[in-house]
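Just so you know, ligand 1 is whichever comes first in the structure, and atom 1 is the first atom listed for that ligand.
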Amino acid sequence: MAIIEVSNLKKSYGNLDVLKKITFDVNKNDVVAVIGPSGSGKSTMLRSLVHLEQVDAGSINIAGDYLVKDGIYPKGPEIKQITAKMGMVFQHFNLFPHLTVQENLMIAPKLVKKESAADLEMRSSELLNKIGLKDRAKAYPANLSGGQKQRVAIARALMMRPEILLFDEPTSALDPELTGEVLQVMKDLAEEHMTMIVVTHEMGFAKEVANRVIFMDNGEIIESGHPTQLFTNPKFDRTKAFLNRSL
Ligand code: ADP
Ligand code: MG
């Protein structure tokens, strides 16, 4: 059953068409890897799902509710309720520098969900334990490695209990030796059946963890399929050319 249905999304900046009729579904428990050259619209597509970008046309349905239908957004508080089903992890972590690791985890649910401090402390401690950073609860982001920061950013997203996690190049800002620890946390989440869309250049991760790969180029989905099919037997020359450059 589809938890995300995207149809005919279009977005332009002036006369630059960044998204051209983007259509795809994501099923519950899917791990979808989105690959493609820089500038192909991957971030714009992902950001549109959480309303960090507004599209010009098309529809996005999240778990049965329309975030946008035929280019029209609802006026009321629905948008926030719909996007709250998703958590997003960015390339550049976006942690609050003046808050400790544990405070970074607790701040959003404290403000938005009004959960008790005791509950939030317990859950954030559990999550820090899970990502292997229990002993850094009182540290500030500036004193963490990039890999640690990104693991904290993932835990922070999980604090909101999202049904879907979106990742925009989560390891692209990291030194190569730190990507593994972040990919491992993502792999663990996949094994726990978290529904995930991951924009990534990590072809190994896409092959090993994703159950579907979407290849975007120039604002379009060129093809999508199971990683084994897409990586070993791509249908289109543009996919082949990209994979030859990336693998
Ligand atoms: P990707 O994530 O695949 O690298 P993006 O979605 O970031 O691609 O960008 C797609 C295209 O849209 C690029 O050509 C980029 O320069 C352009 N673009 C993105 N954001 C803006 C913006 N705010 N204003 C103008 N052009 C933009
Ligand atoms: Mg991008």
Report task. Please assess R151 against R136 for the test side chain to side chain contact (heavy atoms under 4.5 Å, CB included), listing each intermediate value before the final yes or no. Result -> CA-CA 12 Å; R151 285 187 277 154; R136 305 312 308 274; over 6 Å; no

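Around the Mg ion (ligand 2), the protein atoms of type N, O or S that sit closer than 2.8 Å are S43 OG.
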Could you list, one pair per line, each nitrogen or oxygen of ligand 1 together with any protein nitrogen or oxygen closer than 3.5 Å, giving atom names and the distance rounded to 0.1 Å?
from     : atom 1 : to  : atom 2 : distance (Å)
ligand 1 : 2 (O)  : S43 : N      : 2.9
ligand 1 : 2 (O)  : S43 : OG     : 2.8
ligand 1 : 3 (O)  : S40 : N      : 3.1
ligand 1 : 3 (O)  : S40 : OG     : 3.4
ligand 1 : 3 (O)  : G41 : N      : 3.1
ligand 1 : 3 (O)  : K42 : N      : 3.0
ligand 1 : 3 (O)  : K42 : NZ     : 2.8
ligand 1 : 4 (O)  : G39 : N      : 2.7
ligand 1 : 6 (O)  : T44 : N      : 2.9
ligand 1 : 6 (O)  : T44 : OG1    : 2.5
ligand 1 : 8 (O)  : G41 : N      : 3.2

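Within a 6.0 Å radius of NZ in K69, no more than 12 heavy atoms belonging to other residues, nucleotides or ligands are found. The neighbour count for K10 NZ, taken as heavy atoms of other residues, nucleotides or ligands under 6.0 Å away, does not exceed 12.
Interatomic distance, CD1 of I4 versus CD1 of I60, reported as 9.0 Å (0.5 Å rounding).
Using a 4.5 Å heavy-atom threshold, the side chains of F167 and I154 count as touching. With a 4.5 Å cut-off on side-chain heavy atoms, E181 and Q150 do not count as touching.
The side chain to side chain contact (heavy atoms under 4.5 Å, CB included) test with I197 singles out one residue from D30, L166, L165, and that residue is L166. Here the options are M86, M88, E53, the test is side chain to side chain contact (heavy atoms under 4.5 Å, CB included), and the partner is L46; only M88 passes.
Under a 4.0 Å N-O distance rule, the pair K130/D188 does not qualify as a salt bridge.
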